[in-house]
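Everything on this sheet refers to the single structure shown next.
Quantities reported herein were computed from a predicted structural model and do not represent experimental measurements.
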Amino acid sequence: MKRISIGTWAYSIGPYAAHPVPFDEVIGNLSALGFDGIDLGSFAPHPTPDAFPSLESRRDLKLQIAECGMSIAALAPDLWSQHLLDTDDAADYLDAFRKNLKFAADLGVDCIRIDTVQAPTIFAEVPEPLARERLVKTWQTAARDAANLGIRIVWEFEPGFAFNKPTDIVGILEEIGDPNLAVLFDTCHAHMCAAIGARQPGERETLPGGALELARRLRGKIGHIHLIDSDGSLHDHETSTHTPFGDGALDFDALLPELNQSGCPGNWW
């Protein structure tokens, strides 16, 4: 049976950045709405590793969430201040990642989300092959670190970040070659990357079958799933507009059966 979570970053960044909804209100209201859990976005003022530095404080946080009848499906750490593709020294990125990895472990979370940090415009500054080499090397290390703690890594590809072409997504996974690193398949981002080719540098690359075809190519390599519709547009010219279900172009009657046999190891959607 599938369990349904929602990302708490929806209430702390973007349109809520100036006035974030307090975390206790978020989990209380989501519980009342019938959600089973949260994807915890560790963006201040919501819980972060620094705000909950001790094991005792993290146990209290886990208990607070459990008392609302919910669990944590995944952790989305704030790594956006880090450099990944434009530096040969990944020490700071890995330090920040490991701090969040320990946070996840202490909270009993077995899945952590990452992205490529820099926008696709980074290739105007860094040659794409060099950026890819840096990415693969760093994520191979991260995958081993996470595996040692029993935590899976999922890469959320999207138009707003570098390496957003279908061949990039499939190819980088194969190049990393670690089963502990899979993709986070967001149906909206998948549509924008595979059907629209939004914000792709150089020659645009799309798939005739769009998001569904990409899901099929990624079968066995999907580690977490986000569901939402897409109208084919970008929000603020940056990344995918997450359109309410039924108001977009996605065929969920076709997508859901495919995702259900994707091999995703978790039961959180």
Side-chain angles (χ1 to χ4, degrees), residues 3-84 90-115 117 138-139 141-156 180-182 184 223-226 265-269:
R3 293 188 289 172
I4 306 299
S5 67
I6 190 168
T8 61
W9 55 84
Y11 308 101
S12 64
I13 62 175
Y16 283 96
H19 303 284
V21 180
F23 185 71
D24 58 345
E25 289 185 26
V26 170
I27 58 175
N29 289 339
L30 291 177
S31 177
L33 287 169
F35 285 91
D36 300 304
I38 57 173
D39 278 29
L40 176 60
S42 59
F43 301 89
H46 287 180
T48 67
D50 293 335
F52 291 81
S54 68
L55 183 58
E56 182 180 6
S57 67
R58 294 174 182 185
R59 286 173 176 166
D60 288 343
L61 173 61
K62 184 178 179 181
L63 179 61
Q64 179 190 10
I65 295 168
E67 286 177 341
C68 288
M70 296 199 296
S71 303
I72 306 175
L75 179 75
D78 180 5
L79 300 176
W80 291 342
S81 63
Q82 302 301 317
H83 292 266
L84 178 58
D92 288 346
Y93 174 91
L94 286 170
D95 284 348
F97 173 76
R98 288 164 178 152
K99 180 167 69 173
N100 280 278
L101 193 63
K102 183 64 165 58
F103 188 43
D106 289 344
L107 292 173
V109 181
D110 68 355
C111 183
I112 188 167
R113 172 215 176 274
I114 58 174
D115 56 52
V117 179
T138 303
W139 280 3
T141 300
R144 290 193 297 269
D145 289 347
N148 288 336
L149 291 177
I151 297 174
R152 297 176 292 109
I153 301 179
V154 290
W155 163 28
E156 185 171 16
N180 199 51
L181 195 152
L184 190 167
H224 198 52
I225 294 170
H226 284 176
N267 65 342
W268 285 104
W269 283 16

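Judged purely by atom type and a 3.5 angstrom limit, Arg58 uses its side chain to pair as donor or acceptor with the backbone of Pro49. Using a distance-only test at 3.5 Å, with no hydrogens or angles considered, no donor-acceptor pair links the side chain of Ser31 to the main chain of Gly28. One N or O on the side chain of His46 and one on the backbone of Val21 form a donor-acceptor pair closer than 3.5 Å. Within the 3.5 Å criterion, the main-chain N or O of Glu156 finds no donor-acceptor partner in the side chain of Asp115.
Here Arg113 contributes atom CZ and His226 contributes atom NE2; the two are 8.0 Å apart, rounded to the nearest 0.5 Å. Rounding to the nearest 0.5 Å places CG of Asp95 at 8.5 Å from CD of Gln82. With rounding to the nearest 0.5 angstrom, the SG atom of Cys111 is 7.0 Å from the CG atom of Leu184. A distance of 10.5 Å separates CG of Leu40 from CE of Met70, quoted to the nearest 0.5 Å. Taking CD1 of Ile6 as the start and CD1 of Ile38 as the end, the distance is 10.5 Å to the nearest 0.5 Å.
For the residue pair Leu101 and Ile151, the shortest heavy atom distance occurs at O-CD1, 3.6 Å. Summarising the geometry of Arg152 relative to Gly223, their closest heavy-atom pair is NH1-O, 2.7 Å, with the distance given to 0.1 Å. Ser57 and Pro53 make their closest contact through OG-N, 3.6 Å (heavy atoms, listed as atom of the first residue, atom of the second, distance). Ala73 approaches Asp110 most closely through the heavy-atom pair O-OD1, 4.2 Å. Among all heavy-atom pairs drawn from Asn100 and Ser42, the shortest one is OD1-OG, 3.3 Å.
Residues Asp36 and Arg3 are not paired through a salt bridge, judged by the lack of any N-O separation under 4.0 Å between the basic side chain and the carboxylate.
At least one side-chain heavy atom of Tyr93 sits less than 4.5 Å from a side-chain heavy atom of Ile114. Using a 4.5 Å cut-off on side-chain heavy atoms (C-beta onward), Asn180 and Arg144 make no contact. Considering only heavy atoms from C-beta on, Ile112 stays 4.5 Å or farther from Val154 through its side chain. Using a 4.5 Å cut-off on side-chain heavy atoms (C-beta onward), Ile65 and Ser71 make no contact. Side-chain contact between Ile27 and Phe35: absent, with no pair of heavy atoms (C-beta onward) separated by less than 4.5 Å.
Contacts of Trp155 classified as side-chain hydrogen bond (donor to acceptor under 3.5 Å, both in side chains), with partners at least two apart in sequence or in another chain: none. Every salt bridge (Lys or Arg N to Asp or Glu O under 4.0 Å) that Asp145 has, sequence neighbours left out, goes to Arg98.
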Could you check Asp106 against Lys102 for side chain to side chain contact (heavy atoms under 4.5 Å, CB included), going step by step and ending with a plain yes or no?
CA-CA 6 Å; Asp106 289 344; Lys102 183 64 165 58; 2.9 Å; yes
Kindly indicate, with the supporting measurements, whether the criterion side chain to side chain contact (heavy atoms under 4.5 Å, CB included) is fulfilled by Phe97 and Asp92.
CA-CA 9 Å; Phe97 173 76; Asp92 288 346; over 6 Å; no
Is there a side chain to side chain contact (heavy atoms under 4.5 Å, CB included) between Leu75 and Phe103? Walk through the geometry before answering.
CA-CA 9 Å; Leu75 179 75; Phe103 188 43; 4.1 Å; yes
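Tested against Phe43, the residues Trp9, Phe23, Trp80 include a single ring pair (Phe, Tyr, Trp, His ring centres under 6.0 Å) partner, Trp80.
Ser5 and Asp39 share a donor-acceptor pair across their side chains, judged by distance under 3.5 Å alone. Side chain to side chain, Thr138 and Thr141 fail the donor-acceptor criterion of an N or O pair below 3.5 Å.
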